[in-house]
Amino acid sequence: MAAQSIKLALMPGDGIGLEVMAAAEQVLAALRDHYQLPLSWEQLGWPSTGWHREHGQMMPDDGLEQLKRNGYDALLLGALGDPGPANDPERYRLSDSVSLAPLLTFRKGLDLWACERPARLLPGAPQYLADPRAREVDMLVIRENSEGEYINQGGRLRAGSIDEVASQLEIFTRRAAERIIRHAFERAQERQRRRKHNGETRDYQCDRDRIATAQVCLITKRNAQPHWGDMYTEVFDQLAGEYPGVGVHHELIDAACMKFVQSPWQFDVVVASNLHGDILTDLAAVLAGGLGVAPSCNINPADKTLPALFEPTHGSAPDIAGQGIANPTAMLLTTAMMLDWLDLGKAAEALRNAVAQDMQSTDSKQRSTEEITHTILRRIRESA
Ligand code: IPM
Ligand code: MN
C-alpha cells in the first residue's frame, strides 16, 4: 500500500452529481479509516452550474491551473449540466457547450488521452438483452480522448443564411493512434493474465478465424473515412505483431453497434476514436446494466504527473436530481477505478465487492441513494 500521502479533489458538479458524490465521500472516509489509507481531499464548488449562477462561468479563469498546481493525485467528478429546477427562471440559460465544456477542458488540459469504460454485467444488474449469454458481457472500451472528432476546430460561414456553411474538422495523428492502440494491447494482456489467475477461460473469435484467449477490436469507419481509418488499421496491424498472444479483430462502427447487441460477449478490449468511443460506451453501459452502474476514467497511462479525472459515464440527470433516488453505483465503481489507479488495490477491491454484493442481493424495488450507500458502507465495514 502506498505510504505517501495522496490528495484528491472532489468535484460534485451539479444535478445528481451532488448526491452521488456525497455517497462517494462517505465510502472514501470508510475505506480510509478501515485500510488506513493516506488519503485526504478537498471539495471544490466548481465546475458547476451553481458556480455559473454566482460567477457567470462554470469555473474560475485559472481553474485548470489550480488543478495542475495544487498537487492533486486524482480528481473525482460527479456530473455536470443540470439546468436547475423547472421553476427556476434561469433554468435554460446554459447551453451544453458552456455547461459541459469543463469536461473537455480537463481531458485536454491535463493530457488525459485515454478514456476507459469497462462494461461488465454484474449479477443482479438489469439485463436488457434476452439472450442468456448476455450475462457474460465483460468488455473494456478504450476511447481515444485527445483528438479526432473532438478537436473543436471549424466554424460557420454566412450564419443563418441559406448559403450557410458549417465545417467541423477532425484530426487524427499517428502518435495518438499508436499510444492508444498500444494501451489497448497492454490492457488486453493484463485482462488475460487476470483471467488466467482467476481460473477463468474465454475464447474470442478473431480475424482470420483465429480463436484467442484475449482480443483487441479496433473500430473505424474506414469504408467511408479511409484516411484516418487506414492509418489506424496500419498502426493496429503493426503493433499486433508485438502482442502475439492477443487476437485482433476489426469492426466498422455500424457493424460494431449491431454486434454489441447481437453478441456482446464476443468483445474483450475495444479501441475506438473519440466520437465512436463516446457513442459505443452509452451502448456498452446499457449492456452492463445501464448508465446508473457505468464507471469511467480519463487517464494518461504514460505519465502520472498531472492528476487523472474520474467521472461516471452518466450525466447530471435533471429529471431525478435532488430527489435522493440517484443510483450511486456508477460513482462508486468509478471511485474504485480511481483507487486502483492510485495503487490502493485492496481498498478498490473491497469497494467493488461491496457494490457487487449489494447489487446481487437486491430485488428490483427502487431504493434511495442513502439506502444503497448505507448497505455498501456496512459491507465495507464487515469485510474490513
Ligand atoms: C461523455 C459525455 C461527453 C462526451 C459530453 C458531455 C461532452 O457524453 O463523457 O461521454 O461526449 O465526451
Ligand atoms: Mn457520452
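All residue numbers refer to positions in the sequence shown, counting from 1. Just follow the structure's listing: the first ligand is 1, and inside any ligand the first atom is 1.
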### Query
Does any N or O atom in Thr313 lie less than 3.5 angstrom from one in ligand 1, N or O only?
no

### Message
Return the closest protein heavy atom for atom 1 (C) of ligand 1 as residue, atom name and distance.
### Response
Arg117 NH2, 3.5 Å

### Task
Just need the protein heavy atom nearest to atom 11 (O) of ligand 1, so name the residue and atom and give the distance.
Tyr150 OH, 2.5 Å

### Query
At a 4.0 Å cut-off, with the gap strictly under it, does some heavy atom of Glu149 reach an atom of ligand 1?
no

### Query
When you look at CZ of Arg69, are more than 12 heavy atoms from neighbouring residues, nucleotides or ligands closer to it than 6.0 Å?
yes

### Message
Below 4.0 Å from ligand 1: does a non-hydrogen atom of Arg143 turn up there or not?
### Response
yes

### Message
Among all the protein's non-hydrogen atoms, which is closest to atom 5 (C) of ligand 1, and how far away is it?
### Response
Leu100 CD1, 4.5 Å

### Query
Taking atom types as modelled, is there a side-chain donor on Glu116 or Ser296 under 3.5 Å from an acceptor on the other?
no

### Query
Would a hydrophobic clustering, with Ile, Leu, Val, Met, Phe, Trp and Tyr connected at side-chain separations under 4.5 Å, put Ile142 with Val137?
no

### Summary
If you scan protein heavy atoms around atom 3 (C) of ligand 1, the nearest is Arg107 NH2, 4.1 Å

### the Mn ion (ligand 2) to Asp278: nearest N/O/S atom name
OD1

### Message
Tell me if the CG atom of Asp237 is crowded by more than 12 foreign heavy atoms within 6.0 Å.
### Response
yes

### Query
Do Glu190 and Arg194 meet the salt-bridge criterion of a basic N to acidic O distance under 4.0 Å?
no

### Task
Check the side chains of Asp278 and Tyr150 for a donor-acceptor pair under 3.5 angstrom, ignoring hydrogens and angles.
yes

### Message
Other residues, nucleotides and ligands only: do more than 12 of their heavy atoms fall within 6.0 Å of CD on Glu25?
### Response
yes

## Note on the structure
heavy-atom search around atom 2 (C) of ligand 1 in the protein gives Asp278 OD1, 4.0 Å

### Task
Check His314 against ligand 1 and report side chain, backbone, both or neither, counting heavy atoms closer than 4.0 Å.
neither

